[in-house]
Each structure stands twice: as structure tokens, then as C-alpha cells.
*Asks:* 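Pasting a structure below so you can have a look.
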Amino acid sequence: RSLAWILSSKISYMIQHIAVLTASGVFMTTETHNQTTQPMPQLIFSDIDGTLIPVRTAILPNHTAQAIRAVTQSGVAFALNTGRQYGFVRPAFAPLLDDIYIICQSGSTIYHRDKLLVHHFLPHKLCLRLEKMFRKLPGTEYIASTHLGYYYIGSAPRHPKMRYMFAVEQMKAVPRIDAIKEPICQLTLYDFDDVRKQKAVVDQMLQGEAHANVGSDLCLDITVTDKGDGVRTLCDLLHISPDQTIGFGDNYNDLPMLRACGKGYLMQAADPQLCRIAPEMMICADVTEALWNMLPPDAHKQASASPLSREI
């Protein structure tokens, strides 16, 4: 009887969970592509890591690239909205550059067809004040991001994860911020224990002069904009109401983007604490399937059959 009770309880929970997702309009199955779960938006925003590209992978799936192409061919604009720098994002999405907009560095820069449309920079004096504070925080390392590349501040990376990122993202090492001659879009503070404990300290110093957004448990991104500003700026450029947009994201720094959109979707694999912070968000299991479900049934056939995915 005990085993039967356990099985009955689990089945009941699964049925209730499916019912909740179905009622919310975000339980999207692979049965057909002819079910539209909501009116077509005019503009779709999406985070990259953990949203379009699975965590711990570095390749844009070809079926996801095909879905993005089909969406843009249907007349809906599509924009990446990432904390990454353009030069790092571009290779993976090169086949789609004519079709999409790319918002980088948490709303600081916006690109379309390799053209820089919008840029916002951190004030140089603020960067120097932040650098002075960062040097006093034990166990931390930090980098500066321009629209051209990444700079590690210091002689050489210390933590193994930072050494890995230094190599993969082709950073340059400079002794101090003053040595960087380009305007800085973003400063990123790393604490490889948990950077969230540093956020309150940074926020107190900034006093609203810039945003400090947790990009992951490891990094705190500081910019004069956030991903929500990226939504509003691109909407202004395209003369689209934010109410006619939807957004997909999986992390804390995605919340400004999701809240700026007419409808926001958190990925099902997102931190449960994030879901509790933002209970108004819909839940999405798979962005690619969600994109196909918005389109008419023949959209899949009309999409280009040529491979589109590249390694990021």
C-alpha cells in the first residue's frame, strides 16, 4: 500500500504541474507546429547562454538557427540580448547577421548587419573609482569590456576559471584601467565563491550612477544600462511598442529585459529562487519549440534547409 500511495502522489503532482503549465500557455509540446499559443509578437528578445544555447555547450543548435530564420522570414524582428561582447557572439550567429539584431554588454551596444547602431559607455572617472574599490575586495578579479574586446586588469589571471576565460575569450592583460584607450562599456567583477555577496557593496558605491547585475554566481556586470534598456532602445529604433514584444531568459540579469517586454518567459531550468523573485513570469521549457509554435504549420518547410549553426 505504501508503494501505491507514493506512485499515486507522484502521478497526481505531475498532472497538477502539467495543468498549471498548460493553463499558463507555456507548456509547448512537440506534437504539431500548427498550434499558436499566443498572438504573434512584433519583436522577440532572447538571452543566449542557458536560453538559446544550452548550459555547458558552445554551439548554436542548427534547429534553433532555423527557427530564428523562420521567425524573421515571417516578418517578426528577432534580437539577441546578452551580456557578452559582440566579437565573441558574432561567429556563432554569422549566418543570421542579416536577419537579427544583437544587443551586447547588457544594453550598452546594439548591432545590426555588423553596424554599431547604439553605444553607451561607463564614465571614465566612475571606472577608476570602481577599480580602486575592486582592489580592496579579497578573492576577486575583474575585467573591462569595450565594443572591441576584453581586458583583464592585472598582471595575469589567478583563479583557474579566470585563466580559462582569459584564453577562450582572447583577453588582453593590462596593469590598470588607465592603460585601456577605448571607451569602456562594461566592468565585470568575479568572485569565484559567490559574487552575490559583493553586490550590496557595489550598489552602495554606485548610488544609482550605473547598474550592477548578477550575470551568474561568479560575476557582477556593471554598466550604465541593463537588458531592459536594450529592449526599450531597440523598440524606439524600430517604432515597436514594448507591449508587442516577448522575451526569453534564464538568469538574474535577464529580469530587466523580461519585465520590459510585453510578456516574459523564464526558462524551466532557471534558479528556483529566480522564479520566486519573479512569479509573474511565464515558464518555457524550450525556446526553439516556442518559436515554432508561434508560426503557421508550413513555416518549417519554408525555412532554409542549409546548415546555419556555428560554434560560439
Side-chain angles (χ1 to χ4, degrees), residues 18 20-54 57 59-82 89 92-103 112-113 227 230-231 234-235 237-250 254 257-258 260-270 281-310 312:
I18 291 171
V20 169
L21 290 174
T22 302
S24 67
V26 295
F27 187 71
M28 301 171 183
T29 70
T30 57
E31 293 176 1
T32 65
H33 288 144
N34 59 6
Q35 297 294 324
T36 302
T37 60
Q38 61 177 13
M40 283 289 285
Q42 293 185 34
L43 175 56
I44 298 171
F45 294 90
S46 180
D47 172 51
I48 297 179
D49 301 288
T51 303
L52 278 180
I53 295 178
T57 65
I59 298 176
L60 174 68
N62 190 64
H63 66 288
T64 300
Q66 296 286 3
I68 295 171
R69 169 67 56 80
V71 164
T72 59
Q73 287 177 343
S74 75
V76 176
F78 189 93
L80 303 173
N81 200 342
T82 177
V89 173
F93 293 89
L96 296 170
L97 289 181
D98 286 343
D99 305 304
I100 65 175
Y101 295 84
I102 303 179
I103 305 171
H112 183 53
R113 297 179 177 177
K227 289 189 176 185
V231 169
L234 186 56
C235 283
L237 286 174
L238 300 181
H239 305 291
I240 293 174
S241 168
D243 291 339
Q244 301 299 315
T245 70
I246 65 174
F248 297 93
D250 75 314
D254 293 320
M257 169 183 69
L258 301 181
C261 290
K263 186 173 290 186
Y265 290 85
L266 271 173
M267 300 309 295
Q268 198 172 56
M281 297 301 159
M282 311 288 272
I283 303 299
C284 178
D286 186 286
V287 174
T288 303
E289 192 65 27
L291 296 178
W292 285 124
N293 283 340
M294 295 175 197
L295 296 167
D298 59 345
H300 198 291
K301 297 177 181 179
Q302 293 175 357
S304 171
S306 60
L308 294 174
S309 62
R310 298 276 188 91
I312 191 171

*Asks:* Roughly how far, to the nearest 0.5 Å, is CG of Asp286 from CE of Met267?
*Replies:*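 The distance works out to 6.5 Å.
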*Asks:* Roughly how far, to the nearest 0.5 Å, is the CG atom of Leu43 from the CG atom of Asp243?
*Replies:*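 So the gap between those two atoms works out to 12.5 Å.
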*Asks:* Mind listing the closest non-hydrogen atom pair of Met294 and Ile44 along with its distance?
*Replies:*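 For Met294 and Ile44, the tightest heavy-atom pair comes out as SD-CD1, 3.9 Å.
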*Asks:* Not counting sequence neighbours, which residues clear side chain to side chain contact (heavy atoms under 4.5 Å, CB included) with Ser74? List them please.
*Replies:*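 For Ser74, the residues satisfying side chain to side chain contact (heavy atoms under 4.5 Å, CB included) (neighbours in sequence not counted) are Met40, Val76, Leu295.
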*Asks:* Quick one: closest heavy-atom pair of Gln268 and Ile283, and the distance?
*Replies:*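 Looking at all heavy atoms of both residues, the closest pair is CA-CG2, 3.8 Å.
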*Asks:* At what distance, to the nearest 0.5 angstrom, does CG of Leu266 lie from CE of Met282?
*Replies:*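 Here the interatomic distance stands at 11.5 Å.
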*Asks:* Under the rule for ring-ring contact (aromatic ring centres under 6.0 Å, His included), what residues qualify as partners of Phe78, not counting sequence neighbours?
*Replies:*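 Testing Phe78 for ring-ring contact (aromatic ring centres under 6.0 Å, His included), a comparison that skips the adjacent residues, returns none.
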*Asks:* List the atom of Ala65, the atom of Leu96, and the distance in Å for their closest heavy-atom pair.
*Replies:*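 For Ala65 versus Leu96, the nearest heavy atoms are O-CD2, 4.0 Å.
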*Asks:* Indicate yes or no for a side-chain donor-acceptor contact from Thr72 to the backbone of Arg69 under 3.5 Å, with no hydrogens or angles considered.
*Replies:*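 Yes; judged by distance alone, with no hydrogens or angles, the pair exists.
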*Asks:* Can you tell me how far apart NE2 (His63) and CD (Gln66) are? Round to the nearest 0.5 Å.
*Replies:*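 It comes to 10.5 Å.
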*Asks:* Determine yes or no for a side-chain-to-main-chain donor-acceptor pair under 3.5 angstrom, with His112 supplying the side chain and Ile100 the backbone.
*Replies:*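 Yes; judged by distance alone, with no hydrogens or angles, the pair exists.
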*Asks:* State, to 0.1 Å, how close Leu238 and Ala77 come at their nearest heavy-atom pair, and which atoms those are.
*Replies:*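 Between these two residues, the closest heavy atoms are CD1-CB, 4.2 Å.
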*Asks:* Can you list the residues that meet the salt bridge (Lys or Arg N to Asp or Glu O under 4.0 Å) rule with Asp250, with sequence neighbours excluded?
*Replies:*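 Applying salt bridge (Lys or Arg N to Asp or Glu O under 4.0 Å) to Asp250 gives none.
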*Asks:* For the CG atom of Leu80 and the CD1 atom of Ile68, what is their distance to the nearest 0.5 Å?
*Replies:*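 Nearest 0.5 Å value for the CG-CD1 distance: 6.5 Å.
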*Asks:* Minimum heavy-atom separation for Ala92 and Leu60, please, with both atom names.
*Replies:*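 Minimum heavy-atom contact is O-CD2, 3.9 Å.
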*Asks:* Considering all heavy atoms of both residues, which atom of Met257 and which atom of Phe248 are nearest to each other, and what is their separation?
*Replies:*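 For Met257 versus Phe248, the nearest heavy atoms are CE-O, 3.2 Å.
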